[in-house]
Amino acid sequence: MKPLLTLALLTATALPATAQQAPTQQAPASSMSAAEFDAYTQGRTFTYGSQGAPYGAEEYLSNRRVRWSFLDGDCQEGQWYEENGLICFTYEQTPEPQCWSFAAGSGGGLTATFQGPGSQTELYEMQSSEEPLACPGPEIGV
């Protein structure tokens, strides 16, 4: 999430930027461990969806680094870590942690559930690839 992680910058339901404090809850029993999450994601770029539409994309780099975009060409650098069984993200423009539980979805892809106050955000893997995230920036053509 930002994000990746970014995974949102705007509202309590936005992926990378909305949680203002770390969660006090534990991950659900079916959540991926940090090792499982790292093995599944590292070196890949995932496009996440919400309610049938693309939401954003995150590239998972070495050393638990990430790059997130809302698919607008603007990307944020960040990192992830495990806390209380959750995967938490911080980003360069949003240092407050955004914590998620990740699990294998029924269709074989990831599902991510935000674990913050007042949010019901759930994202799912729409596609993944080994291609880097495109980050031309919003200033192209200026």
Which residue is it: F114, F46, W100, F102? I am looking for the one with a side-chain contact (heavy atoms from CB on, under 4.5 Å) to L123.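 Of the listed options, the one satisfying the test is W100.
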Partners meeting side chain to side chain contact (heavy atoms under 4.5 Å, CB included) with [X] (sequence neighbours left out):
X: Q42; result: D38, S62
X: E36; result: M32, S33
X: A34; result: R64, W80, E82, I87

ask   = Distance-only, no hydrogens or angles: does the T45 side chain make a donor-acceptor pair with backbone N or O of E131 under 3.5 Å?
value =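 Yes: the side chain of T45 pairs with the backbone of E131.
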Quiz item: For the side chain of E122 and the backbone of Q120, is there at least one donor-acceptor N/O pair under 3.5 Å apart?
Solution: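 No; judged by distance alone, with no hydrogens or angles, the pair does not exist.
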field: For T47, all residues meeting side-chain hydrogen bond (donor to acceptor under 3.5 Å, both in side chains), sequence neighbours excluded
entry: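 Checked T47 against side-chain hydrogen bond (donor to acceptor under 3.5 Å, both in side chains); zero matches.
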Given the side-chain rings of Y60 and Y40, with only the six-membered ring counted for Trp, is the space between their centroids under 6.0 Å?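 That pair fails the under 6.0 Å test.
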inquiry  = Are Y55 and F70 an aromatic pair, judged by ring center distance below 6.0 Å?
reply    =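 Judged by ring-centre distance (under 6.0 Å), F70 and Y55 do meet the cut-off.
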Provide the closest heavy-atom pair for [X] versus [Y] in the form atom of the first, atom of the second, distance.
X: E83; Y: C88; answer: CB-SG, 4.0 Å
X: C75; Y: S69; answer: SG-CB, 3.8 Å
X: A134; Y: P136; answer: C-CD, 3.4 Å

Test E59 against every option in R44, R67, R65 by the side chain to side chain donor-acceptor pair (under 3.5 Å) rule and name the one that passes.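 One option only clears the test, and that one is R67.
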Check: Roughly how far apart are L133 CG and C135 SG, rounded to 0.5 Å?
Finding: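 Output value for this atom pair is 4.0 Å.
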Notebook entry, point to check: Remaining members of Y124's ILVMFWY cluster at a side-chain heavy-atom cut-off under 4.5 Å?
Noted result: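 Besides Y124, the hydrophobic cluster comprises M126, listed by chain and residue number.
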Remaining members of the apolar cluster that contains L71, side-chain heavy atoms under 4.5 Å: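 Members other than L71 - counting any ILVMFWY side chain reachable under 4.5 Å - there are none.
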### Message
For a 4.5 angstrom cut-off between non-hydrogen side-chain atoms, does L110 reach T41?
### Response
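Side-chain contact under 4.5 Å: yes.
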